[in-house]
Number of protein chains: 2
Amino acid sequence: MSADLTSTVSTFVAELNWSDVPEPARAAARRTAANVIGLSVGAAHSAAAEAVLGAAADLGQQGGAQVLGRAETLTAPWAALVNGLTAHVEDFDDTYLSCILHPGAPIVPAALAAAELVGADGETLMTGVVAGVEVASRLGDSLWPSHFDRGWHVTATTGPIGAACAAARVLGLDAARTAHAIAIAATQAAGHTEQLGSMTKSFQVGRAAATGVEAALLAEQGFTGPVEPLAGRRGMSALMATEVDWAPMADLGHRWLVESNALKPYSCGIVSHPVIDAGRRLRAGGLEPAHVGSVELQVHPRVLDVMGVTEPVDGLRSKFSVYHCFAVGLLRGAGGPPEFSDTAAVDPEITDIRGRVTVALDPALAADACRAVVTTTDGRTVELTVDHATGSIDAPMSDEELRAKVVTLAGRLDNPDRLWDVARRLDDIGSAEDLFAVAG
Amino acid sequence: MSADLTSTVSTFVAELNWSDVPEPARAAARRTAANVIGLSVGAAHSAAAEAVLGAAADLGQQGGAQVLGRAETLTAPWAALVNGLTAHVEDFDDTYLSCILHPGAPIVPAALAAAELVGADGETLMTGVVAGVEVASRLGDSLWPSHFDRGWHVTATTGPIGAACAAARVLGLDAARTAHAIAIAATQAAGHTEQLGSMTKSFQVGRAAATGVEAALLAEQGFTGPVEPLAGRRGMSALMATEVDWAPMADLGHRWLVESNALKPYSCGIVSHPVIDAGRRLRAGGLEPAHVGSVELQVHPRVLDVMGVTEPVDGLRSKFSVYHCFAVGLLRGAGGPPEFSDTAAVDPEITDIRGRVTVALDPALAADACRAVVTTTDGRTVELTVDHATGSIDAPMSDEELRAKVVTLAGRLDNPDRLWDVARRLDDIGSAEDLFAVAG
């Protein structure tokens, strides 16, 4: 599979049409896009977004491309950057759990910026989204697990390639130019998990979207790279993973991985979602926080790789604390942006429960499962197992739950329901303008 | 040294003044900058530059920052991108051989774009250049050799951090914000040697310059990253090198590595420079190309890592062919841009000699040395050893040779000598405008 890998991928991207995409994949792509748009509108005034908008002004990036949820328009790459950052900053987006990839945030904004540049219609835009998700998901799977285990932020590393494929398809590049767009994006693949819990985590995802747009436009202008940027001897996979298996690429166009992209009901690292469920269910079962003596959480071994922050001092860091996740589930019965705010991170009630939690790793547990063993102050033991976290592919958010999420996120708008009506079926729009008319 | 590494680096950068820089380091920095400016002017109309300029127009990147050697002005990051690309595209720039880093191309354009943004004077600009070179060179040394051996393009990976330091210093950021600029740049560190021999090789160096400018402006706006992006558990060094030794960082501000940055007399991969010398000396010694039966080149083992292209089909690829390098040295007595053009790559006389060359690796040879053993058609053996390649730190280009190089590169300008007069002492200019007045 590694011979001609990039050629195979670029041919798939260039030749994909909306009519090739089966209805379940279309529906999944629509949900992915609607979720991203709600998130981008919702976080449009976050501190990270404000700082990037400030730098964009200093760097002369005023332009004609829309920033979702704001009045400002920027150049195409910077609009993609901001929209990608805001889609990801709350860690509330979507997850292809197989390789812990969040494909929506880098890919949808890149497709949108490209569509705006050339006036593409909704079907073309969504064809780009599907192409990007299919490629990035398989690239992540091919490099899994050594790429992730080394500490690469999979969304930031495979995102530029997915975003480049999306933008190339929207621009209508042929297979040869799409391959060069992939090369230009692949050699910029970057992003360290050291950056989790800081503004840069979402920046590198936004930057992936911008890279994709730039790569596609450069390739369109005749800019060229090497023949095999992904599988070559000194290419992306050789440098960024110790074991590579390209088998996942084999069913490109036959199986649709976008259908396995799950939307997040909680705004924090995905691997802690079952822990929030555990807290919520214990609360629903009547466990009083005041009666909690100690809690042992039994979790999948990867949880502490990314969620090991014991005493988060601010909201962004609390998203990477499995201890905080359990505490807000139990105390608030929720796990949305308010539960991961700067205020919540230092709330005395929450820090008290956090301090009572210990974690035990259990390799036998699935990534979307956990067990909680609570010892109460009066000496009882309460046990609870979560088999599949809410929002996982086995317990997905319903369309109605997604609508509620998007409408809540878009609460700042005059008419959030109108945004939902457009965002939920992006393939029906005549051009990106139809979306921007209801997202500003 | 790894505790507080980023803090140590950012404090050095923020506190460095031109008056702290000893005269030999100042002189070396001036030469580095003048060389870059000549190269950027010389390659301003190369095919890679034209393609990037085309994409810049499509992406709304018209702005107020000068592209060296052209009439166009772009936004600050894109001006830095183009100037960095054109400084590097001919593989004719400079080399800190200790870790095979070409610091000038990512760092000088970033400092220049930042200086233009804030109207900084020449001494501030050059202080930024020195800060960037000192940091990037030590970062490369700290990751050497596993980072290089894995296949990372050191100039593209350490370049963004050097460029961010340069831009941060020019903007006058304090140590805390400089540290965040380093974090923003570090997590974008990227660039594969698979891309050598294609346009993307110089793009990723130009992109490093742009990343540095953007990182500094983002940090100035309050954008933040993690505390230890370089040495942290999941940070740059952990992900991009298997062995790391931060000892080279210890003498930051005490020893000046910019003095070890050598300017290239030949426009190709540095490790082949002794081979061009060998060809030139054999030619000077009277060896007739027609009498060459076969040639064995004995070279440092790293030569074939990057210079192993046996039958380059175009100019960019010929820069990574040790076989081509020997042939042009022997046949043309030169190794400048004309010898690595698309025409030269397929010249029958050159391809004939290339086909007679074999390479033997000798670990005992230094990286700037080689031996050539020629067997003539009439059965004689001619041997020649190059101890230190022309342009290496032990046989540096003279100021007069540098002047000739810059003036030749700037041949398109009305008055190339005027460019040299300004470029050779950038610390004397009142603002970047003084340079642009003679470089357009």
Side-chain angles (χ1 to χ4, degrees), chain A residues 47-48 50-55 58-65 74-77 117 150-153 156 180 183-184 186-201 203-204 207 213-214 217-226 228-229 232-236 238-240, chain B residues 47-48 50-55 58-65 74-77 117 150-153 156 180 183-184 186-201 203-204 207 213-214 217-226 228-229 232-236 238-240:
Chain A
E50 296 292 352
V52 175
L53 265 294
D58 291 345
L59 292 166
Q61 296 297 327
Q62 300 86 351
L74 297 177
T75 61
L117 275 176
R150 188 73 185 260
W152 291 107
H153 183 202
H180 289 300
I184 298 164
T187 201
Q188 296 180 73
H192 311 152
T193 50
E194 184 73 21
Q195 311 264 343
L196 270 52
S198 80
M199 288 184 184
T200 3
K201 192 225 181 190
F203 174 84
Q204 61 205 25
R207 181 62 221 165
V213 175
E214 292 172 358
L217 268 295
L218 282 159
E220 187 173 48
Q221 285 285 340
F223 207 86
T224 54
E228 197 41 81
R233 192 173 68 94
R234 300 287 198 190
M236 181 177 178
L239 273 59
M240 300 178 85
Chain B
E50 296 292 352
V52 175
L53 266 294
D58 291 346
L59 291 167
Q61 298 296 327
Q62 301 86 351
L74 297 177
T75 62
L117 275 177
R150 187 73 186 259
W152 291 107
H153 183 202
H180 288 301
I184 298 163
T187 201
Q188 296 179 74
H192 312 153
T193 50
E194 184 72 22
Q195 312 264 343
L196 269 53
S198 81
M199 288 185 184
T200 4
K201 193 227 181 189
F203 174 84
Q204 60 205 25
R207 182 61 220 165
V213 175
E214 293 172 357
L217 268 295
L218 282 159
E220 187 173 48
Q221 286 286 340
F223 207 88
T224 55
E228 197 41 84
R233 192 172 68 94
R234 300 288 198 192
M236 181 177 177
L239 272 59
M240 302 178 84

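Chain letters run A, B, ... following the sequence lines, proteins first and then strands; every chain starts at 1. Both backbone and side-chain heavy atoms feed into the values below; hydrogens, waters and symmetry mates do not.
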query = Is there a side-chain contact between B/I184 and A/T200 (heavy atoms, below 4.5 Å)?
reply = yes

key: Which atoms of B/L239 approach chain A - backbone, side chain, both or neither, heavy atom under 4.5 Å   = both

Top of B/L117, B/L196, B/L217 for chain A proximity - count of heavy-atom pairs under 4.5 angstrom = B/L217

request  = Identify which part of A/Q204 has an atom lying under 4.5 Å from any heavy atom of chain B, answering side chain, backbone, both or neither.
outcome  = side chain

key: Choice from B/A47, B/G64, B/G191 maximising heavy atom contacts with chain A below 4.5 Å   = B/G191

ask   = Looking at side-chain heavy atoms only, is the closest gap between A/Q61 and B/Q61 below 4.5 Å?
value = yes

request  = Can you tell which part of A/L218 gets under 4.5 Å to a heavy atom of chain B, answering side chain, backbone, both or neither?
outcome  = both

key: Side chain / backbone / both / neither for B/A76 at chain A, heavy atoms under 4.5 Å   = both

task = Using non-hydrogen atoms and a 4.5 Å limit, figure out which bit of B/A238 sits close to chain A: side chain, backbone, both or neither.
result = backbone

key: Any residue meeting ring-ring contact (aromatic ring centres under 6.0 Å, His included) with B/H153, in chain and number order, not counting sequence neighbours   = B/H88

request  = Calculate, to the nearest 0.5 Å, the distance between atoms OG1 and CE belonging to A/T224 and B/M199 respectively.
outcome  = 4.0 Å

ask   = Do B/E194 and A/R233 come within less than 4.5 Å of each other through their side chains, counting heavy atoms only?
value = yes

message = If the test is side chain to side chain contact (heavy atoms under 4.5 Å, CB included), which one of B/V52, B/D58, B/L53 qualifies with A/Q221?
response = B/D58

remark   = One option among B/A48, B/P226, B/A55 has the most heavy-atom pairs under 4.5 Å with chain A, and it is B/P226

inquiry  = List the residues meeting ring-ring contact (aromatic ring centres under 6.0 Å, His included) with A/H180, not counting sequence neighbours, and say none if there are none.
reply    = none

